[in-house]
Student: 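Quick one: the structure is below, questions incoming.
One-based numbering along the sequence shown. Computed over heavy atoms, backbone and side chain alike; hydrogens, waters and symmetry mates excluded.
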Amino acid sequence: MMEQIKIYLERVIGLTGLTDDYVPVVRYAILVVLAFVLAWLAGFLCRRLLVPVLLKITNKTEAKWDDVIFSRKVLNSASRIIPAIVIWALLPLVFFEYPKVADVVGRLTAIYFTVMMVRTIIVFIDSFKQIEPEGRSSRRQYLYSICGVLKILMIFVAAIVIIAIIVNKDPSTLFAGLGAMSAILMLVFQDTIKGLVAGIRLASNDMLHIGDWITVPSAGANGKVEEITLTTVKVRNFDNTIITVSPHALVDGSFQNWNGMLENEGRKQVRQVYFDFRSLTVDNDGMANITKFRQHMEEWLAKHPKVVAEKPILVRQAEASQSGCCVEFMFWLKAQNAIDYEHDTSDIMEYIFAKAADYDLRIFQQFPEQ
């Protein structure tokens, strides 16, 4: 068949008046251009005709997983593999007279095929993330970690295959030789391995989720978690600065997760106030003025509109010190965000400071030495 195409093209070229010396060159150029045009056309038709048909089929099914896995992005990426297949099939027909050129083009085609195949697999892996709905579930954290590992593995395999194509070696030979390089690979991917293990520990122990408010003093992080990957945990501070912390740093070190407080009603506040011992007195009923003050403050806090009445409210006598008689106030504020919480706390404490004077109590304060 190829011989017939060759003869036909030579006749057509001969009609143009070219000499016999130029006919093979022109014929060869036409075959090369024709091969690449056919490859491009195959990919174009696949994207414009086949992909829409497949999308319509998946949209008609009741299952949602096929809409995600076989999405337009995945199918468009897969259609980019078609030109490589066409070129590969036409290689013997186009370059039958030039085996060295066929070998070079074949290797380039194989590299393109490998890259596009891995790219499609990576897009396919990423599509799995969309199956799990947005949220804070541990299953979603596991899914992200596994997808990250699979992508790294596919890129690593693709790199080995491409190297094998370039040096014209069997990929299995290179994979067999990786045993001696295991120590180097462990060193190169140590952050990824540590991140994977730490990510699994964070997810399995329900320690951290996207959207949690965390505080990491060692890293200067104080805000909400925006992204969790194999190697980093991205935290947006309340001043909109971004802090990245490694997962194994959170596991090996310490951090504070405020999610428990946010999920429950109220935010606990404990404050201490010291009173001068010399201002404590006893009335005719044998009750100390500081006792009356404590009772009043408990009743006042229980009725306060910004205090959770259902939570424990306690005004107690704490351990005294050289700073005076200590009274501890424990209550739960309804405000969850930092600004309202601080304002409400300030309002309550300022009332406590001012109300002490009505019971002839003096708040201890140390004056600087003259």
Student: I'd like to check the salt bridge (Lys or Arg N to Asp or Glu O under 4.0 Å) partners of Glu328; sequence neighbours left out, ordered by chain and number.
Tutor: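 Glu328 satisfies salt bridge (Lys or Arg N to Asp or Glu O under 4.0 Å) with Arg316 once adjacent residues are dropped.
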Student: Is it true that atom CD1 of Ile339 has more than 12 heavy atoms of other residues, nucleotides or ligands lying nearer than 6.0 Å?
Tutor: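 Incorrect, the count does not exceed 12.
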Student: Quick one: are Gln269 and Met330 in side-chain contact, heavy atoms under 4.5 Å?
Tutor: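 The answer is no; the side chains never approach within 4.5 Å.
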Student: Lys100 vs Val104, test: side-chain contact (heavy atoms from CB on, under 4.5 Å). Steps then yes/no.
Tutor: CA-CA 6 Å; Lys100 292 184 178 180; Val104 174; 5.8 Å; no
Student: Between Val216 and Val235, is any pair of side-chain heavy atoms under 4.5 Å apart?
Tutor: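 Contact flag for Val216/Val235 side chains = no.
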Student: Decide yes or no on side-chain contact (heavy atoms from CB on, under 4.5 Å) for Asn257 and Trp213, but give the supporting numbers first.
Tutor: CA-CA 6 Å; Asn257 193 327; Trp213 171 17; 5.8 Å; no
Student: Please report the shortest heavy-atom distance between Ala219 and Ile243, naming the atom on each side.
Tutor: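 Heavy atoms of Ala219 and Ile243 come nearest at O-CG2, 3.8 Å.
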Student: Over all heavy atoms of both residues, which pair between Arg119 and Ser77 is shortest? Give the atoms and the distance, please.
Tutor: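 In terms of heavy atoms, the two residues are closest at NH1-OG, 3.1 Å.
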Student: Are there over 12 heavy-atom neighbours, none belonging to Lys234, within less than 6.0 Å of that residue's NZ?
Tutor: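 It does not: Lys234 NZ has 12 such atoms or fewer within range.
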Student: Do any N or O atoms from the side chain of Thr120 and from the backbone of Met116 form a donor-acceptor pair under 3.5 angstrom?
Tutor: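 Yes, the answer is positive, given that a donor and an acceptor are paired below the 3.5 Å cut-off.
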Student: Do Val225 and Val233 have side-chain heavy atoms sitting under 4.5 Å apart?
Tutor: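 Of all side-chain heavy-atom pairs linking Val233 with Val225, at least one is under 4.5 Å.
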Student: Please check: side-chain N/O of Asp283 versus main-chain N/O of Gly286, any donor-acceptor pairing under 3.5 Å?
Tutor: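 Looks like yes, one N/O pair under 3.5 Å.
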Student: Tell me, do Glu227 and Arg236 make a side-chain contact under 4.5 Å, heavy atoms counted?
Tutor: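 The answer is no, as the side chains (C-beta and beyond) never meet within the 4.5 Å cut-off.
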Student: Roughly how far apart are Ile121 CD1 and Ile155 CD1, rounded to 0.5 Å?
Tutor: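 Answer rounded to 0.5 Å: 11.0 Å.
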Student: Please determine whether side-chain contact (heavy atoms from CB on, under 4.5 Å) holds for the pair Leu280 and Cys325, giving the CA-CA distance in whole Å, both sets of side-chain angles, and the decisive distance to 0.1 Å.
Tutor: CA-CA 9 Å; Leu280 273 63; Cys325 179; 4.2 Å; yes
Student: Check the surroundings of atom CZ in Arg107: do more than 12 heavy atoms from other residues, nucleotides or ligands lie under 6.0 Å from it?
Tutor: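 It does: Arg107 CZ has more than 12 such atoms within range.
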Student: Looking at OG1 of Thr345 and NZ of Lys306, how far apart are the two atoms once the value is rounded to the nearest 0.5 Å?
Tutor: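 Between Thr345 OG1 and Lys306 NZ, I get 10.0 Å after rounding to 0.5 Å.
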Student: Can you say whether the rings of Phe44 and Trp40 are parallel (under 30°), tilted (30 to 60°) or perpendicular (over 60°)?
Tutor: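 Rings of Phe44 and Trp40: parallel, under 30°.
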Student: Looking at Pro52 and Leu49, what are the two nearest heavy atoms and their distance?
Tutor: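 Shortest heavy-atom separation between Pro52 and Leu49 comes out as CD-O, 3.3 Å.
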Student: Linking I/L/V/M/F/W/Y whenever any side-chain heavy atoms sit under 4.5 Å apart, do Phe329 and Leu314 land together?
Tutor: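 Per the 4.5 Å side-chain linkage, Phe329 and Leu314 are not co-clustered.
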Student: Transitively linked via ILVMFWY side-chain contacts under 4.5 Å: Ile122 with Leu150?
Tutor: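 Linked, Ile122 and Leu150 end up in one cluster.
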Student: Walk me through it: do Lys334 and Asp340 pass the test salt bridge (charged side-chain N to carboxylate O under 4.0 Å, His left out)?
Tutor: CA-CA 9 Å; Lys334 295 179 180 180; Asp340 292 341; over 6 Å; no
Student: With a distance cut-off below 6.0 Å to the six-membered ring centre and an angular limit of 45° from the axis, does Arg267 pair with Tyr341 as a cation-pi contact?
Tutor: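 So Arg267 does make the cation-pi contact.
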Student: Given Cys46 and Arg80, is the side-chain contact (heavy atoms from CB on, under 4.5 Å) satisfied, shown in steps?
Tutor: CA-CA 9 Å; Cys46 183; Arg80 298 182 185 278; over 6 Å; no
Student: Under a 3.5 Å distance rule, please check whether Asp212 uses its side chain to pair with a backbone N or O of Ile214 as donor and acceptor.
Tutor: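 Not confirmed, Asp212 side chain does not pair with Ile214 backbone.
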Student: Looking only at non-hydrogen atoms, find the nearest pair between Ala335 and Asp344 and report the distance.
Tutor: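 Minimum heavy-atom contact is CB-OD2, 3.5 Å.
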Student: Looking at CZ of Phe124 and CE of Met154, how far apart are the two atoms once the value is rounded to the nearest 0.5 Å?
Tutor: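 If we round to the nearest 0.5 Å, Phe124:CZ and Met154:CE are 11.5 Å apart.
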Student: Show which side-chain atoms of residues 348-361 pair as donor or acceptor with protein atoms under 3.5 Å away, not counting sequence neighbours.
Tutor:
from: Tyr351; atom 1: OH; to: His296; atom 2: NE2; distance (Å): 3.1
from: Lys355; atom 1: NZ; to: Asp358; atom 2: OD2; distance (Å): 3.2

Student: Do Ile290 and Trp300 share a hydrophobic cluster, counting only Ile, Leu, Val, Met, Phe, Trp and Tyr and linking them when any side-chain heavy atoms are less than 4.5 Å apart?
Tutor: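 Hydrophobic grouping puts Ile290 with Trp300.
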Student: What closest approach, in Å, do Phe238 and Gly223 show between heavy atoms, and which atom pair accounts for it?
Tutor: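 Heavy-atom minimum between the residues: CE1-CA, 3.8 Å.
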Student: Can you spot which of Leu108, Ile111, Thr109, Ile160 makes a side chain to side chain contact (heavy atoms under 4.5 Å, CB included) with Ile165?
Tutor: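 Output: one option passes, namely Ile111.
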Student: Counting only heavy atoms not in Phe364 (residues, nucleotides, ligands), do more than 12 fall under 6.0 Å from its CZ?
Tutor: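 Yes, because the 6.0 Å sphere around CZ of Phe364 holds more than 12 heavy atoms from other groups.
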Student: Between Leu250 and Ile242, is there a shared hydrophobic cluster once you connect ILVMFWY residues whose side-chain heavy atoms come closer than 4.5 Å?
Tutor: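 As far as the 4.5 Å side-chain criterion goes, Ile242 and Leu250 are not connected within one cluster.
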Student: Honestly curious: do Leu45 and Val86 fall in one hydrophobic cluster under the side-chain, below-4.5 Å linking rule?
Tutor: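 As far as the 4.5 Å side-chain criterion goes, Val86 and Leu45 are not connected within one cluster.
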Student: Will you find, in the side chains of Asn237 and Asn222, an N or O donor that is under 3.5 Å from an N or O acceptor?
Tutor: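 The criterion, which ignores hydrogens and geometry beyond distance, is not satisfied for Asn222 and Asn237.
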Student: State, yes or no, whether a side-chain contact exists between Pro312 and Trp332 at a heavy-atom distance under 4.5 Å.
Tutor: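 Yes, side chains in contact.
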Student: Quick check: closest heavy atoms across Arg47 and Val51, and the distance to 0.1 Å?
Tutor: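 Heavy atoms only, the tightest pair is O-CB, 3.5 Å.
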Student: Look only at the side chain of Asp276 and the backbone of Arg278, and say whether a donor-acceptor pair between them is shorter than 3.5 Å.
Tutor: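 Yes, because the side chain of Asp276 sits within donor-acceptor range (under 3.5 Å) of the backbone of Arg278.
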